[in-house]
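As structure tokens, the structure follows; a few thoughts come after it.
In what follows, chains carry the letters A, B, and so on, assigned in the order in which the sequence lines appear, proteins first and then strands, with residues in each chain numbered from 1. Nothing here was measured: the structure is a model prediction, and the numbers come from that model.
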Amino acid sequence: MSFDYTLLLPELILTALALVVLVIDLSLAPGKKQSLTWITFAGILVAMAGIWPATQTSASQTLSGMVSSDGFSIFFKVLFLTVAALITLASGPYLQQKRLPVGEFYILLLSATLGMMFMSGSRDLITIYLGLELASITSYILAGLLREDPKSNEAAIKYFLNGAMASAVLLFGLSLVYGLTGETHLDIIGKVLNGDISHWPIVGVALVFLVAGFGFKMAAAPFHLWTPDAYEGAPTLVTAFFAVGPKAGAMAAVLRAFTIGFAASSGRWTELFAILAVVSMFFGNLTALWQTNVKRMMAYSSIAHIGYLLVGVTVATTVPGVASVMFYLLAYAVMTLGAFAVILAVDAFGPGDQVGNYAGLATRSPLLAWGLTLFFVSMIGIPPTGGFMGKFYLFSAAVQNGYVWLAVVMAINSAISVGYYYGIVKEMFVGKPLETTSVKAPAGVTAVVAITMVVTLMLGLYASPFLNWATAAAALPRFF
Amino acid sequence: MTAAPIAAYILVSAVLFAIGGIGVLVRRSPLAMLMSVEVMWNAANLAFVAFARQHGSLDGHIFAFLVITVAAAEVAIGLAIIVLIFRKRATVDVDDIRALRG
């Protein structure tokens, strides 16, 4: 029994921050809430500094072993807090322009981040479920934050109904696991299931439920139906968060739950994830080719990227497999946030969110145009970018473990994805602009574009420190 | 009085889950869909409590309590969203909510 609260310091700081924002929001007059942006931003940086004490102690589990703060969860905490910080940095003028409730936005963003941090640190089914629900319920509200916009309402109701059903499916799977093992702690579940019991058909049924439940949360095809609508209807800033945060959270929970709890049945769930990977890659990339709305196109593109990540999950029984997923998540988070910062600038402070609105962006706002080009190059997987290194590690992890065909499917899909990314790049550099004035992107959005450009290139050119970090972190959570 | 075997509880739970699942797929009113999802959650709850009794451990009971709490929060959000939509269009049939397609 240990209740070492220094290990939970980032979570505690984030909770306190959300409450502080709530109180300050009430005391500020409407229209005078710009200071909240900087309070939130500073608070997130403090929470990130709060990770430091946890790295200094030898203890790694707290709350009676339900939550662990090992290298794996620290990697993801850094990732989630960085995502939250970048979203906050880009948020101020956008919230004002769209007349979104400022305080509510930050509280929901912080709560969702908190939920995701618990998902990555949990060693117990109960805390995984609670973290997932905290992240999901706040996401439903975030999707519907544009109250006057029927599209935003529709995004919220669709996300909510699909999400609630997926939670029920996941919960039923969890109850079967509990019934089989009599335990909710992943380590003990792993020990109990390690034997003849792992061949029982009911274990397969439970795994199907769990894979479907988590597959929904990370928007893998065929559980993706809510994704395009939620992405298109939600405010662009929220879409940027959806594209990265909840997906990474679900991925972290999947990596830990399946490699520890179901290590003995790995033959079954790797097959399931391989199927999801292939379906997601082909469906995402082929459907993205027909899209005229950029946010919708990015939704399908994100489904395809989840497909690439699931290739890594398929070989997550090995350390390089887990490490390649973590590295790709890092690269994916950076390039996706960068791309969405540009999309947000063109949508809210420029012509709109259709592909045609990007015509001549290269002459109007060169930084945004070149930034978006770099992010798309990274998403396709062309060197010298983080996306290339990420795909390379996923590729080699798959090949090393005998999944050559999966690696080939991934390469084919990278080629297909050139089609829709190129459409926008062509529009930006060749298309005739309707206006000649530059897109007035706020300083915060421009800063996010610049930061993510630098990091995307850094992940491509100096990948080894990041990969070593991911590998060291990936080696920690397993016990087999 | 003899207790029913564990299999009976799990059978009821599975049937409830299936009824809820079919309800979500067949019904077109978000309210009815929400109720169907509730049935699915409670199917899982029934399984948790039955298994907890079987294993003689408290974890399942705790899990069921937490699920009830989370479900209350989730319903509050869901009803709020449905009210928001109803105020605008005076209909809550999901087939009419289709501004987003493709």
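If you measure heavy-atom distances from B/A52 to chain A, the contacts under 4.5 Å come from both the backbone and the side chain. Residue contact with chain B, scored on non-hydrogen atoms closer than 4.5 Å, is absent for A/Y231. B/V70 touches chain A through backbone and side chain together, each having a heavy atom under 4.5 Å away. Only the side chain of A/F160 comes within contact range of chain B, with at least one heavy atom under 4.5 Å from a heavy atom of that chain. With a 4.5 angstrom heavy-atom cutoff, B/Q54 does not touch chain A via any of its atoms. Heavy atoms of A/L130 lying under 4.5 Å from chain B belong exclusively to its side chain.
From A/N153, atom CG reaches atom CD1 of B/I81 across 8.5 Å, with rounding to the nearest 0.5 Å. A distance of 8.0 Å separates CG of B/L34 from CD1 of A/I157, quoted to the nearest 0.5 Å. Atoms CG and CE, from B/L25 and A/M165 in turn, are 4.5 Å apart once rounded to the nearest 0.5 Å. Taken to the nearest 0.5 Å, the CG atom of B/L66 stands 10.0 Å off from the OG1 atom of A/T127.
Taking chain A as the reference chain and counting heavy-atom pairs below 4.5 Å, the highest number among B/G21, B/A73, B/S13, B/A80 is found for B/S13. The residue among A/L125, A/I137, A/L176, A/T292 with the most heavy atom pairs within less than 4.5 Å of chain B is A/I137. Looking only at heavy-atom pairs under 4.5 Å with chain B, the residue among A/T181, A/V169, A/L180 that has the most is A/V169. Of the listed residues (A/G163, A/G173, A/A164, A/S167), the one with the most heavy-atom contacts under 4.5 Å to chain B is A/A164.
Taking non-hydrogen atoms and a 4.5 Å limit, the residue list of residues 37-47 of chain B in contact with chain A, ordered by number, reads B/V37, B/M40, B/W41, B/A43, B/A44, B/A47.
For the pair A/Y178 (side chain) and B/F48 (backbone), a donor-acceptor distance under 3.5 Å is absent.
In this structure A/T227 satisfies the side chain to side chain donor-acceptor pair (under 3.5 Å) test with no other residue, sequence neighbours excluded.
The two residues B/I77 and A/Y140 come nearest to each other via the heavy atoms CG2-CB, 4.2 Å.
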